[in-house]
Amino acid sequence: MAKQVKNEQMDKLSSLCKRRGFIFQSSEIYGGLASTWDFGPLGVELKRNVKNLWWQDLVVSREDVVGMDASILMHPKVWEASGHVENFHDPLIDCKNCKTRFRADKGVFYFKCSDCDLNFRVNNGFLEMKDEFKKHFGADLFAEEPDHYKNSDCPHCGGKGTVDAEKLACPKCGSADLSSARQFNLMFKTHFGASEDSASEVYLRPETAQGIFVNFDNVINTARIKLPFGIGQIGKAFRNEITTGNFIFRSREFEQMEMEYFVKPEDSQKWYEYWVNERFNWYKKLGVRAENLRLRPHEKEELAHYAKGCTDVEYKFPFGWSELEGIADRQTFDLDQHIKASGKKLRYFETETNTHIVPAVVESSAGVDRTILTVLADAYWEDAEHNRIVLRLNPKLAPIKVAILPLVNRDGMPDIAKNIFHDVKKHMAAFFDQGGSIGRRYRRQDEAGTPFGITVDSQTLEDGTVTLRDRDTLEQVRIPKDNVVKALKEKLE
RNA sequence: GCGGGUGUAGCUUAGUGGUAAAGCCCCGGCCUUCCAAGCCGGUGACGAGGGUUCAAUCCCCUUCACCCGCUCCA
């Protein structure tokens, strides 16, 4: 029952998005394309505002961060070095009996000792063996593949161990009625060059971060920056997700806002904490209600092997708490990988000590689309008292800042309003509407999230003042019509 | 990808083996002096492809999309 209510919330939100021109399904007239989305006239403004605020706060206003914009297509070796070619796929098997899906490389096999008859079973990554054996092999073995055990000694007698793969069985119900293993590579492939031969296969980037790492040397040689410093980037990324959904939350084409902050390795913990705090507050600054935000530090088992720490910023969506952004202390892993693969020296020369160092990196990786879904979900408000739906967006994010409305369609009011409109339009996104009753026009703007309304009425004809309406409180104040731009700008500060 | 559910106008619903109705929305006009009032007029739909049939929105098959779960992450 609770679930249904939550889905209703998402339905209402996506329906509003379509109705008002925020977000449409991609290729809709051809039946749509799974989990790809288009931003309409209001959506694109909202998106630009989100990105601009990020860029302003993380790049422009900071003396220690520069920006860049890498291409989506990159040399295939980038993805080999980054580990994406090797790790960014999942061989998965479905159990036809109980419908569980599990990873094929965590299948069932036996470790057998040829000398002492010891054997134990490894089942879907869970070692079914006694503690003493766990101690012998190490606790992290559960994620390894059978080959890992091949050359191990028997933990009991030290004899020679062999590994026998068992016919796979479902880890949950034990059934052997399984689908064949299916490789899901999460990277999109395409062909580079006009002829489609595999020699020129390239990937669409699955993250923007690598564009920063491979340009590390170029940036330090040109930007005259000193440690610690960051490189920020906003751009599209593509992942062939197995499962998508929840409106724009998980899509196959999405946009990231990533900032890689390079620091002295010994300072990484300090900066990691700094950025976790900084990024958490950024969402509050966007106007997202604090009670709907939380930080979730990753458990040790959850961390990638090279990461020292990782914390998610989560938002309480109608479908549950979900990740908005990840902040990670990635140590020197990324640069090391590219140093190894490219043979280039990606390093920083520290003049104080006269030494070369490979900096550690603290990464902030946020999703543009998820941020948009967050601010929309957080702003959605059904005002029962006034029978209206309102998007209480932060004015800085609102696609349209002000609606200019003549109260009625005569006595020259439309002309006066139109003049104000042309004036305001030079400074901010504004909307002019003279059709229908005033109440109906206000309601429309409430749904679009427009924070302010300027109305020309009969008093305007007498004393040159107009009313300024506040979206959330419905309060109106009179201001001289020549002060409209100034008053609005003050409100938007 | 697997399982379950859903698909008629922008939205919410009706209906039928003989090409479809309504309310709200939207557009134009009238009227209207502050929060979806009223009047007149108008645009607009059977997700797509194939099959059965004289005839398919309806029956059958396939496919696509969306929702829920498995899974994963920005």
Side-chain angles (χ1 to χ4, degrees), chain A residues 3-4 6-8 10-12 14-21 24-36 88 90 92-103 172 178-184 186 206-209 235-251 253-258 302 312-313 319 322-326 363-374 383 385-389 405-411 413 435-447 453 455-461 467 469 471 474 476:
Chain A
K3 272 237 159 75
Q4 264 179 351
K6 286 172 182 172
N7 298 344
E8 246 173 60
M10 286 303 289
D11 285 347
K12 281 178 183 172
S14 59
S15 155
L16 171 76
C17 283
K18 184 170 185 193
R19 185 166 75 237
R20 295 265 88 112
F24 310 120
Q25 193 182 9
S26 164
S27 317
E28 196 181 331
I29 62 168
Y30 290 105
L33 180 66
S35 60
T36 47
F88 222 59
D90 292 317
L92 297 176
I93 290 178
D94 291 309
C95 172
K96 291 177 180 168
N97 180 45
C98 71
K99 313 302 176 198
T100 303
R101 161 171 290 176
F102 58 95
R103 292 180 60 114
K172 194 170 174 191
L178 306 172
S179 71
S180 54
R182 204 175 271 279
Q183 279 289 344
F184 291 90
L186 300 185
E207 63 172 34
T208 58
K236 288 273 176 105
F238 304 81
R239 288 182 198 176
N240 223 337
E241 297 285 349
I242 301 160
T243 313
T244 54
N246 282 328
F247 195 30
I248 60 170
F249 183 77
R250 183 177 298 107
S251 50
E253 173 179 341
F254 58 101
E255 201 156 5
Q256 294 182 306
M257 304 181 285
E258 294 195 300
E302 226 180 326
D312 289 346
V313 179
F319 48 83
S322 292
E323 183 188 352
L324 261 184
E325 160 162 0
E363 172 181 275
S364 151
S365 175
V368 176
D369 312 84
R370 287 183 179 186
T371 304
I372 286 169
L373 188 58
T374 296
D383 181 0
E385 189 191 341
H386 299 100
N387 188 31
R388 60 181 189 146
I389 293 170
L405 317 167
L407 185 59
V408 290
N409 227 344
R410 54 177 166 76
D411 299 337
M413 292 182 205
S437 74
I438 189 71
R440 185 194 304 268
R441 282 176 281 161
Y442 284 146
R443 291 294 181 278
R444 255 185 229 139
Q445 294 305 317
D446 289 341
E447 282 201 351
T455 304
V456 172
D457 59 10
S458 56
Q459 196 178 328
T460 311
L461 306 176
T467 65
R469 170 193 188 257
R471 174 195 66 201
L474 299 180
Q476 287 179 298

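Each chain gets a letter, A, B and so on, in the order its sequence line appears, and its residues count up from 1. Hydrogens, waters and symmetry mates play no part in the numbers below; they use all other heavy atoms, side chains included.
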**Study point:** Interatomic distance where CZ belongs to A:R250 and P belongs to B:C70 [whole Å]
**Key:** 11 Å
Check your understanding: What pair of heavy atoms forms the shortest contact from A:L461 to A:M413, and how long is it?
Key -> CD1-CE, 4.4 Å
Check your understanding: What is the distance from CZ of A:R19 to P of B:G44, rounded to the nearest Å?
Key -> 22 Å
**Study point:** Whole-Å distance separating the CD atom of A:Q25 from the P atom of B:G7
**Key:** 16 Å
Point to revise | Under 4.0 Å protein heavy-atom contact, by nucleotide of nucleotides 35-40 of chain B - B base, S sugar-phosphate only | key: BBS---
Study note, to complete from the structure: From CG of A:L33 across to C1' of B:G47 the rounded distance in Å is 14 Å
Revision key, fill the gap. Residues A:R441 and A:P406: closest non-hydrogen pair is NH1-O, 2.9 Å
Point to revise | Upstream residue (5' side of RNA chain B) when A:F247 and A:E325 are each assigned their closest nucleotide | key: A:F247
Check your understanding: If the P atom of B:A55 is compared with that of B:G15, how far apart are they to the nearest Å?
Key -> 27 Å
Exercise for review: From the options B:C66, B:A74, B:U33, select the nucleotide whose nearest atom is closest to the side chain of A:A34.
Suggested key: B:C66
Review point. If you look at every strand shown and take non-hydrogen atoms under 4.0 Å, does A:G435 touch a base, only sugar-phosphate, or nothing?
Key: nothing
Review point. Base, sugar-phosphate, or nothing for A:D369, non-hydrogen atoms under 4.0 angstrom?
Key: nothing
**Study point:** A:E323: partners by side-chain contact (heavy atoms from CB on, under 4.5 Å), with sequence neighbours left out
**Key:** A:D312, A:R370
Practice item. Quickly work out the A:D411 CG to B:C31 C1' distance and round it to whole Å. Key: 14 Å
Exercise for review: Decide side chain to side chain contact (heavy atoms under 4.5 Å, CB included) for A:E363 and A:E258; before the verdict, give the C-alpha distance in whole Å, the side-chain angles of both, and the deciding distance to 0.1 Å.
Suggested key: CA-CA 7 Å; A:E363 172 181 275; A:E258 294 195 300; 4.2 Å; yes
**Study point:** B:U62 and B:C26, which share atom name P, separated by this distance in whole Å
**Key:** 42 Å
**Study point:** Full working for side chain to side chain donor-acceptor pair (under 3.5 Å) between A:E207 and A:S365
**Key:** CA-CA 9 Å; A:E207 63 172 34; A:S365 175; over 6 Å; no
Point to revise | Atom pair distance, as rounded to whole Å: NZ in A:K12 and C1' in B:C24 | key: 16 Å
Review point. How far, in whole Å, is B:G38 from B:G10 if one measures between their C1' atoms?
Key: 24 Å
Exercise for review: Please work out if A:D312 contacts a base, only the sugar-phosphate, or nothing of the nucleic acid, heavy-atom cut-off 4.0 Å.
Suggested key: nothing
Practice item. Among the candidates B:A74, B:C66, B:C11, find the nucleotide nearest to the side-chain atoms of A:K18. Key: B:C11
Exercise for review: Could you check whether A:R370 gets within reach of a base, just the sugar-phosphate, or nothing at all, counting any heavy atom under 4.0 Å?
Suggested key: base
Practice item. Please state the C1' separation for the pair B:A14 and B:C24 - nearest whole angstrom. Key: 15 Å
Check your understanding: Quantified in whole Å, what is the P atom distance between nucleotide B:U8 and nucleotide B:C66?
Key -> 15 Å
Practice item. Mark yes or no for whether A:R388, through its side chain, and A:D383, through its backbone, hold a donor-acceptor pair below 3.5 Å. Key: no
Check your understanding: Using a cut-off of 4.0 Å on non-hydrogen atoms, how would the nucleic acid contact of A:T467 be classed: base, sugar-phosphate, or nothing?
Key -> base
Point to revise | With sequence neighbours excluded, residues passing side chain to side chain donor-acceptor pair (under 3.5 Å) with A:S14 | key: none
Check your understanding: Distance between the P atoms of B:U43 and B:U6, in whole angstroms?
Key -> 34 Å
Study note, to complete from the structure: In terms of heavy-atom contacts, A:I372 and A:I248 come closest through CG2-CD1, 4.2 Å
Review point. Are A:E447 and A:R20 close enough for a salt bridge, meaning some N to O gap below 4.0 Å?
Key: yes
**Study point:** Rounded interatomic separation in angstrom, taking CZ from A:F249 and P from B:C68
**Key:** 12 Å
Check your understanding: Expressed as a whole number of Å, how far does the P atom of B:U19 sit from that of B:G42?
Key -> 22 Å
Point to revise | Results of ring pair (Phe, Tyr, Trp, His ring centres under 6.0 Å) for A:F249 - residues two or more places apart only | key: A:F317, A:F319
Exercise for review: For A:F254, check ring pair (Phe, Tyr, Trp, His ring centres under 6.0 Å) against everything at least two apart and list the hits.
Suggested key: none
Revision key, fill the gap. Stems with RNA chain B, 3 or more Watson-Crick or G-U pairs in a row (under 3.5 Å), are B:1-7 with B:64-70, B:10-13 with B:21-24, B:26-30 with B:38-42, B:47-51 with B:59-63
Point to revise | Rounded distance in Å - CZ (A:R410) to P (B:C31) | key: 8 Å
**Study point:** Residue closer to the 5' end of RNA chain B, A:T455 versus A:S322 (nearest nucleotide)
**Key:** A:T455
Review point. Expressed as a whole number of Å, how far does the P atom of B:C58 sit from that of B:U52?
Key: 15 Å
